[in-house]
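The next block holds one structure in the form of structure tokens; read it before the comments.
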There are 2 protein chains.
Amino acid sequence: MALLSKSCVYGIRASIYIASEEENGFIPISQVAKELNLSPHFLTKILQELTNEDLLLSHKGPRGGVKFARDTSKIKLIEIIGAIDGMDLFTECALGLEGCGVYKPCPLHDSWTEHRRVLRELFEEENLYDLAMNVKNAGLRLRTLDQKEILDLKSSKKK
Amino acid sequence: MALLSKSCVYGIRASIYIASEEENGFIPISQVAKELNLSPHFLTKILQELTNEDLLLSHKGPRGGVKFARDTSKIKLIEIIGAIDGMDLFTECALGLEGCGVYKPCPLHDSWTEHRRVLRELFEEENLYDLAMNVKNAGLRLRTLDQKEILDLKSSKKK
DNA sequence: CAATATAAAGATAATAATGTCTTCAAATCT
DNA sequence: AGATTTGAAGACATTATTATCTTTATATTG
Ligand code: SF4
Ligand code: SF4
């Protein structure tokens, strides 16, 4: 079990890419999918969830595409996660015992609720602009590695 | 997306219950399933994963059942989680970008790896004995609420 | 207006997670 | 030995997730 669903991870990667191309206006989803090595249609569906939440603006037709509705430095990662996976991760008990712990919490209760709060803060603090800048300036990769790249990485362990 | 799979949550609840019945020797899985309101066959499969990891001992036939192979105060929650969901949660990147961040981490990298470590410690610290004691002494519920119980809970908000 | 490029919507398929049911194997008990 | 109780194994069913493919609606361009 991963922390985030695949849809969510794809959505985050795409969001960072779109933010990094901000200056070019509306970016076609097909371009995003190609750069990130994802299925264009699948990605379209995922990004629609962001459009429906008014995080993204979309525009059809030639020169259309998507772009963020607000200043990307104001769009936090948790908004992307919330739109795609929902906020359960930040509100539910890890052990899923509904009603439990209200009066008589288990030994996990305090540490879990505290931990959940920190997790939430972590994603609340990160904004798309910073993440995108890092992609541009420090070379963070957003697409999965193909076989050749994995080999290159292994052979150049020294650096 | 929850932190833990349903199988894992069921496995944890069952483990706590089994630990709380430790003194009664081998506990039939059917009894555990009944107490926890779970499918006996599904639970059997889940607990088999614990048996295969030598966390549980199992015994067939009349008076058979399962019990923990070691002192439950020495069995940490993370062992149950690892046997059922695996350790990916504690080893993988939240953004799932393999190879990324090795040389040039994204802004999330440090906070995520630190957070992951804390999460791991949280589950490494909790042992079944303590959790089971809490069930017995403080009334932690392990089974899901039925409709009536949910109503009772709501109507007695004051307490 | 016609051609084209694009997102949106929806049909379908593949895979994984969850859950139920049946049969089998082993242990116990009379 | 035979009946019974249990976990183990596996067949099947259901649902959710992930993914692809087709069609439709909308906007732009010329
Ligand atoms: S008491 Fe424990 S099981 Fe109950 S809600 Fe709190 S952390 Fe979850
Ligand atoms: S740099 Fe960021 S995306 Fe890459 S492994 Fe670290 S946390 Fe994950």
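Source: prediction; values computed, not measured. Below, chains carry the letters A, B, ... as their sequence lines are ordered, and counting in each starts from 1.
- F26(A) places its CZ atom 15 Å from the C1' atom of dA8(C), with the value rounded to the nearest Å.
- If you measure from atom CG of N24(A) to atom P of dT6(C), you get 14 Å, rounded to the nearest angstrom.
- Straight-line distance from the CD1 atom of I84(A) to the C1' atom of dT17(D): 14 Å, rounded to whole Å.
- A close approach under 4.0 Å does occur between a side-chain nitrogen or oxygen of Q48(A) and OP1 or OP2 of dA9(C).
- What separates CZ of F42(B) from P of dG7(D) is a distance of 17 Å, to the nearest Å.
- Note on T51(B): every side-chain N or O is 4.0 Å or more away from OP1 and OP2 of dG7(D).
- Salt bridge present: R117(B) and E121(B) bring a charged side-chain N and a carboxylate O closer than 4.0 Å.
- The residue among L43(A) and P62(B) whose nearest nucleotide of DNA chain D is located toward the 5' end is P62(B).
- The side chain of K6(A) sits closest to dT18(D) out of dT6(C), dT18(D), dG19(C).
- Computed from coordinates, the R13(B) CZ to dT18(C) P distance equals 13 Å when rounded to whole Å.
- Atom CD of E49(A) is separated from atom P of dT17(D) by 11 Å (rounded to the nearest Å).
- One N or O donor and one acceptor, one from the side chain of K45(B) and one from the base of dT20(C), sit under 3.5 Å apart.
- In this structure, R63(A) reaches the dT29(D) phosphate: one of its side-chain N or O atoms is under 4.0 Å from OP1 or OP2.
- What you find for E53(B) and A83(B) is that their closest heavy atoms are CG-CB, 3.6 Å.
- Counting non-hydrogen atoms of neighbouring residues, nucleotides and ligands closer than 6.0 angstrom, the CZ atom of F90(A) exceeds 12 such neighbours.
- For dA17(C), the OP1/OP2 oxygens have no side-chain nitrogen or oxygen of S5(B) closer than 4.0 Å.
- Among the atoms of the strands shown, none is found under 4.0 Å from any heavy atom of L56(A).
- Comparing dT18(D), dA7(C), dT28(D) by their closest approach to the side chain of I29(A) singles out dA7(C).
- Residue S39(A) places none of its side-chain N or O atoms closer than 4.0 Å to OP1 or OP2 of dT18(D).
- For dG19(C), the OP1/OP2 oxygens have a side-chain nitrogen or oxygen of Y10(B) closer than 4.0 Å.
- Checking dT18(C), dT5(D), dA27(D) against the side-chain heavy atoms of H59(A) singles out dA27(D) as nearest.
- The separation between L38(B) atom CG and dG19(C) atom C1' is 11 Å, rounded to whole Å.
- Enclosure of atom CZ in F68(B) by more than 12 non-hydrogen atoms of other residues, nucleotides or ligands within 6.0 angstrom is indicated.
- Counted within 6.0 Å of CZ on R70(B), heavy atoms from surrounding residues, nucleotides or ligands total more than 12; the atom is thus considered enclosed.
- If you check every strand for non-hydrogen atoms under 4.0 Å, I27(B) touches sugar and phosphate atoms only.
- Distance I46(B) CD1 to dG10(D) C1': 16 Å, rounded to the nearest Å.
- Contact annotation: T44(A) does not reach the phosphate of dA8(C) (side-chain N/O to OP1 or OP2, under 4.0 Å).
- Closest non-hydrogen pair, S15(A) versus I80(A), comes out as OG-CD1, 3.6 Å.
- The base of dT24(D) is not paired with the side chain of K60(A) by any donor and acceptor separated by under 3.5 Å.
- One N or O donor and one acceptor, one from the side chain of H41(A) and one from the base of dT22(D), sit under 3.5 Å apart.
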